[in-house]
Amino acid sequence: MDRLGFLTGRAARAIVILLGVIVLNFVLLRLAPGDPASVLAGDQGAADAAFVEELRHDLGLDRSIPEQLWVYARSLAQLDFGQSYREQRPVVDIVAERLPATLLLTLTAFGFALAAGIALGSTAARHAGSLLDTVLTGISVMFFAMPLFWIGLMAILFFSVWLDWLPSYGMATVGAGHSGLSHVADIALHLLLPALTLGLFYMAIYMRVTRASVLDVLDRDFVRTARAKGLKPGLIWRRHVLRNALLPIITFASLQAGHLIGGSILIETVFAWPGIGRLAFDALMQRDYNLLLAIFFITSAIVVAINLVADILYVAADPRIKLGA
């Protein structure tokens, strides 16, 4: 199968998956307890039955679920995500304000977790059975077992309260008036603690997967043959061991993409990071269905795109895998 056919097939599959996600999320939200009209009426101090029914009619919530789904699907086909019930603004504008912060946080955490996990896992495998291997394995188990919110709180207590090295909340210093490189440096300082906190858990996973994968590849016949031919150890490690050990890591990395965004809800809450994770939590509490559905759709599209990239990386990492597989 050629590359165009492969990409077309994967794109068609991605569209079907996104359609299923849209329908499932919409139906589950409508079946969940709670009513946006009641929440809005309560906030306005006019929660009598007549006012609530009027709000339900204005919001289209008095229609049947299939009717509401059809209206929503037609709007979505035109890339219209609707208005936020609470803020009375286009949902796209609200998400666009928050999405860059979440992408910055999750991509930084993902890059750190992947790089550190592969490096430390490879080091542990190369020194399997040694004290260094035991220490690194113990570190991975420790960070895997710790809850994310607890790591975040301890990081704030140690680095922000005791040592006063790093800021403990927000994305930038309020009222500092930074610009240019000083603004970038300010954001980087605020990013450090939440990104490390989010990345440590996934680093532990990649460490263990990398160690197990490398140990498995080291026992393969082609590695023994490469050694028997007298190839340099560094060349054997790069060309034969790491390249073949990458496939399970790519699999786990693509599967963890959605988990990272889910984990960002906790991290954004702990560090007051202005991203869509915290926005999704607030939208759920306020029953702002249009906003919540838009967040679900966008995050699902990101996860599907990452899995498509993972399929392509499989072929790049191991040419023996065919595009049609």
Side-chain angles (χ1 to χ4, degrees), residues 6-32 34 36 65-66 68-85 90-111 113-114 148 198 201-202 205 250-269 273-314:
F6 170 77
L7 291 175
T8 302
R10 287 294 191 270
R13 185 183 301 178
I15 291 173
V16 172
I17 292 172
L18 283 177
L19 289 175
V21 168
I22 290 169
V23 174
L24 184 62
N25 285 334
F26 189 92
V27 173
L28 288 178
L29 279 180
R30 289 301 189 272
L31 294 177
I65 291 180
Q68 294 181 51
L69 178 58
W70 173 246
V71 172
Y72 178 74
R74 281 193 308 175
S75 300
L76 199 59
Q78 302 171 11
L79 298 181
D80 179 9
F81 291 89
Q83 298 270 345
S84 166
Y85 295 154
V91 164
V92 173
D93 294 345
I94 300 173
V95 175
E97 292 171 359
R98 298 290 196 99
L99 185 59
T102 292
L103 290 178
L104 177 62
L105 172 61
T106 53
L107 289 177
T108 303
F110 179 74
L114 198 59
L148 281 176
L198 182 59
F201 173 81
Y202 298 97
I205 296 176
I250 293 173
T251 301
F252 266 82
S254 62
L255 292 175
Q256 295 294 333
H259 294 176
L260 268 170
I261 297 175
S264 71
I265 296 177
L266 279 174
I267 298 304
E268 289 176 7
T269 301
W273 187 263
I276 61 171
R278 177 65 189 184
L279 182 65
F281 178 79
D282 292 338
L284 178 63
M285 293 296 101
Q286 297 160 2
R287 302 298 189 271
D288 198 338
Y289 289 163
N290 284 344
L291 180 54
L292 199 56
L293 286 170
I295 295 172
F296 286 163
F297 176 80
I298 291 171
T299 53
S300 299
I302 292 173
V303 172
V304 169
I306 290 173
N307 279 271
L308 178 59
V309 172
D311 288 339
I312 297 172
L313 290 178
Y314 280 142

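When a residue number appears, it is its place in the shown sequence, counting from 1.
Side-chain atoms of Leu105 and Trp273, non-hydrogen and from C-beta on, do get closer than 4.5 Å to each other.
Taken to the nearest 0.5 Å, the CG atom of Asn25 stands 8.0 Å off from the OG1 atom of Thr299. Distance check: Phe110 CZ to Leu198 CG gives 11.5 Å after rounding to the nearest 0.5 Å.
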Inset, instruction - Check step by step if side chain to side chain contact (heavy atoms under 4.5 Å, CB included) holds for Tyr72 and Leu293. - result: CA-CA 10 Å; Tyr72 178 74; Leu293 286 170; 3.5 Å; yes
Inset, instruction - Determine, stepwise, if the pair Phe297 / Ile22 fulfils side chain to side chain contact (heavy atoms under 4.5 Å, CB included). - result: CA-CA 7 Å; Phe297 176 80; Ile22 290 169; 3.6 Å; yes
Inset, instruction - List the steps and the verdict of side chain to side chain contact (heavy atoms under 4.5 Å, CB included) for Ile302 and Thr106. - result: CA-CA 12 Å; Ile302 292 173; Thr106 53; over 6 Å; no
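A search for side-chain contact (heavy atoms from CB on, under 4.5 Å) contacts involving Ile15 returns Leu19, not counting sequence neighbours. With sequence neighbours left out, Phe296 forms a ring pair (Phe, Tyr, Trp, His ring centres under 6.0 Å) with no residue at all. By the side-chain contact (heavy atoms from CB on, under 4.5 Å) test, Leu69 pairs with Val23, Phe26, sequence neighbours left out.
Across Val91, Ile94, Ile295, a single residue satisfies side-chain contact (heavy atoms from CB on, under 4.5 Å) together with Asn290, and that is Val91.
The two residues Ser300 and Val21 have their closest heavy-atom pair at OG-CG1, 3.3 Å.
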Taking only distance into account, with no hydrogens and no angle test, what donor-acceptor pairs under 3.5 Å do side-chain atoms of residues 96-104 form with protein atoms, sequence neighbours excluded?
| residue | atom | partner | partner atom | Å |
| --- | --- | --- | --- | --- |
| Glu97 | OE1 | Arg89 | NH2 | 3.4 |
| Glu97 | OE2 | Arg89 | NH1 | 3.0 |
| Arg98 | NH1 | Gly275 | O | 3.0 |
| Thr102 | OG1 | Glu268 | OE2 | 2.8 |
| Thr102 | OG1 | Ile276 | N | 2.6 |

